[in-house]
Number of protein chains: 2
Amino acid sequence: MSKIKILIVEDEPVIAENISLYLDNNDFEVSGIAYDSEDAMQQLKENTPDAVLLDINLESDTDGIDIARYIQEHYQLPFIFLTSYSDRITLERAKQVKPSGYIVKPFNERTLLASLEIAISNHAEEANHALPKLVMEKVNRQLHSPLSEREFELSQMIYEGKTNTQIAETLFITVNTVKTHLKSIYLKLDAGTRIEVIRKLQQAMLR
Amino acid sequence: MSKIKILIVEDEPVIAENISLYLDNNDFEVSGIAYDSEDAMQQLKENTPDAVLLDINLESDTDGIDIARYIQEHYQLPFIFLTSYSDRITLERAKQVKPSGYIVKPFNERTLLASLEIAISNHAEEANHALPKLVMEKVNRQLHSPLSEREFELSQMIYEGKTNTQIAETLFITVNTVKTHLKSIYLKLDAGTRIEVIRKLQQAMLR
DNA sequence: GGTAAAACCACCCATACGGGTGAGCAAAGC
DNA sequence: GCTTTGCTCACCCGTATGGGTGGTTTTACC
C-alpha cells in the first residue's frame with residue numbers, strides 16, 4: 001500500500017515547492033503540482049491522487065472554486081482549500097462547494113498536516129481510499145515491525161467488529177489462516193485480544 | 001445518575017439566563033448562577049457542580065481568571081472560559097491557567113453544547129466525574145429502554161477491554177452475574193458481542 | 001398487599017477465541 | 001542458489017463468550 005497521494009494546485013512555485021517538500025517527509029506523497037486548471041484536470045486523470053490541495057486564488061487562471069466543482073463532479077476526492085485570512089468574500093463562495101477543509105495562509109507545517117488529516121477523515125464517504133492509507137501510515141510509523149498489507153486488512157475488519165469466521169468468509173480463506181494472521185497482528189501491536197487491537201488503532205490515529 | 005451539573009459564573013443576567021435555559025433543555029443541568037467570585041465560591045461548595053462556565057470579564061469583580069485559579073486549587077473540575085474575540089490580552093493570560101476549553105462570544109447554542117462536551121471530554125484526568133455522566137446521558141437518550149446505572153458501569157468496563165472475569169473481580173460479583181448483566185446490555189443496545197457494545201457507545205458519543 | 005424493576009446467582013451448552021507448534025509455497029532480495 | 005518474508009493451512013487445547021432458562025431478594029411504586 002502506497003502513501004496518500006496529494007495533488008497540489010498552486011500557481012506560486014515557491015509555496016508549492018515548500019508544501020511539496022514538507023508533505024514528502026511525512027505520511028503523504030505529492031503526486032504532482034498543477035499551476036492552472038488545465039494542468040489540474042490533466043493530473044487528476046493521470047496521477048489518480050487521493051486528495052487535492054487547492055489554492056482558491058489562482059492569479060493566472062479562472063477561479064480555484066471552479067476546479068473544486070470539477071473535482072466534485074468527476075471524482076469523489078476530498079479537497080482542501082488554501083486561502084488567506086483577508087480573502088473573506090471568496091471564502092463565502094468557497095463554503096458553497098463544501099470542501100473537506102480549509103487551511104488559512106500563512107500556516108505552519110503542523111497545521112498543514114493536521115488539517116489534511118482531519119479533512120481526509122471527515123471525507124468519510126463511499127469511496128474514501130485515502131482513509132485506510134492514512135491509518136496504516138500512522139499505525140506503522142509507531143511500530144517496530146510494520147503490519148503487512150494483509151495484516152492491516154485483517155486489523156480493519158477486527159476494528160469493524162467482524163468475527164474470525166466472518167473475516168474468513170469475506171477473504172475466502174480458512175479460519176485457521178485468520179487466526180495465524182491475528183497472532184502476527186497481536187505480536188506487532190503488542191495486543192492480546194481483538195479489543196486491544198481496536199484500542200491501539202484508535203490511539204495511533206490520535207497521534 | 002443525574003445530569004451534568006454546570007455552574008455559570010456570569011455577571012450579565014441576560015446572558016446567564018439564556019445559557020441556563022438552553023442547557024436545561026439538553027444533557028446538562030444548571031446547578032446555579034454566580035454573579036461574582038464570592039457567589040462562585042459559595043456555590044462551588046454547596047452545589048457540587050461537575051463543570052464551571054466562567055466569564056473571563058466580570059465587570060463588577062476581580063478577574064475571572066482568579067476564580068479559575070481558585071477552582072484549580074480547591075476542586076478538580078473542568079472549567080470553560082467565556083470570552084470575546086476582541087479580548088486578546090486577557091486570553092493570553094487565560095491560557096496560562098489551562099482551561100478545559102474556550103467559548104468565544106458571540107456563540108450560538110450548538111457551539112455552546114459542543115464546546116462543553118469537548119471540554120469535559122478533554123478534562124479526562126483523575127477525577128472526572130462528568131465524563132461518564134455525559135456518555136450515559138447521550139447513550140440513554142438514544143435508547144428505547146435506558147441502561148441502568150449498573151449496566152452502564154458494566155458497559156464502561158467492556159469499553160475498557162476488561163474480560164468478564166476481571167469485571168467480576170473488581171465489582172465483587174460472580175461471573176454468572178456479569179453475564180446476566182451483559183445479556184441485558186446486549187438487548188438494550190441491540191448488540192451481540194462486546195465489540196458491538198464498544199461501537200454503539202462510540203457512535204452515541206458522536207451524536 | 002401486589003407488582004415491577006434491578007441486582008444478584010446458578011447451570012447447561014455450543015461456539016469463539018487465543019496460544020502453541022509445525023509446515024507448504026511463491027515472490028523478492030542477496 | 002539460498003534466505004527471508006508473506007500468505008496459506010492444520011491440529012490441539014484451555015478458557016472466554018453468548019444464549020437459554022430459572023431462581024432469590026431488595027427497593028420503589030401503585
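No hydrogens, no waters, no symmetry mates; every other heavy atom, side chains included, goes into these values. Residue numbers begin at 1 in each chain, while the letters A, B, ... track the order of the sequences.
Once rounded to the nearest 0.5 Å, the distance linking CG of A:Leu147 with CG of A:Leu154 reads 9.5 Å. A distance of 10.5 Å separates CD1 of A:Ile198 from OG of A:Ser155, quoted to the nearest 0.5 Å. Between the CE atom of A:Met41 and the OH atom of A:Tyr70 there is a distance of 5.5 Å, given to the nearest 0.5 Å.
Rounded to whole Å, the distance from CD on A:Glu153 to P on D:dG6 is 15 Å. Atom C1' of nucleotide D:dC7 and atom CG of A:Leu154 are separated by 10 Å, given to the nearest angstrom. Atom CD1 in B:Ile185 sits roughly 13 Å away from atom C1' in C:dA6 (whole-Å rounding). Rounded to whole Å, the distance from CD on A:Glu151 to P on D:dC7 is 6 Å. Regarding A:Leu147, its CG atom lies at a distance of 10 Å from the P atom of D:dC7, rounded to whole Å. Atoms CG (B:Leu187) and C1' (C:dA7) sit 16 Å apart, rounded to a whole Å.
For the helix from C:dG1-D:dC30 to C:dC30-D:dG1, the terminal axes (five pairs an end, C1' atoms, rotation from four pairs onto the next four) enclose an angle of 40°, given to 10 degrees.
Legend: residues meeting side-chain contact (heavy atoms from CB on, under 4.5 Å) with B:Glu196, ordered by chain and number and at least two apart, are B:Ala191, B:Thr193. With sequence neighbours excluded, the residues that form a side-chain contact (heavy atoms from CB on, under 4.5 Å) with A:Lys162 are A:Met157, A:Glu160, A:Gln166, A:Ile167. Residues meeting the side chain to side chain donor-acceptor pair (under 3.5 Å) test with A:Glu169, sequence neighbours left out: none. Annotation: side chain to side chain donor-acceptor pair (under 3.5 Å) contacts of A:Asp39 (sequence neighbours excluded): none.
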Donor-acceptor pairs are to be reported for all side-chain atoms of residues 176-185 of chain B against protein atoms at under 3.5 Å, with residues two or more places apart or in another chain.
from: B:Thr177; atom 1: OG1; to: B:Thr174; atom 2: OG1; distance (Å): 3.1
from: B:Thr180; atom 1: OG1; to: B:Asn176; atom 2: O; distance (Å): 2.9
from: B:Ser184; atom 1: OG; to: B:Thr180; atom 2: O; distance (Å): 3.4

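Of the possible polar contacts, none joining the A:Asn164 side chain to the A:Val175 backbone as a donor-acceptor pair under 3.5 Å is found.
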Once base and sugar-phosphate atoms are separated, protein heavy atoms under 4.0 Å mark nucleotides 15-30 of chain C, 5' to 3', with B, S and - as -SBBBBB---------
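Listed by first and then second residue, the salt bridge (charged side-chain N to carboxylate O under 4.0 Å, His left out) pairs that reach into residues 184-194 of chain B are B:Glu151-B:Lys188, sequence neighbours excluded.
Only B:Ile173, B:Thr174, B:Asn176, B:Thr177, listed by number, bring a heavy atom of residues 170-178 of chain B to less than 4.0 angstrom from any atom of DNA chain C.
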**OP:** May I have the step-by-step check of side-chain contact (heavy atoms from CB on, under 4.5 Å) for A:Lys5 and A:Val30, ending in yes or no?
**Re:** CA-CA 5 Å; A:Lys5 289 189 286 185; A:Val30 176; over 6 Å; no
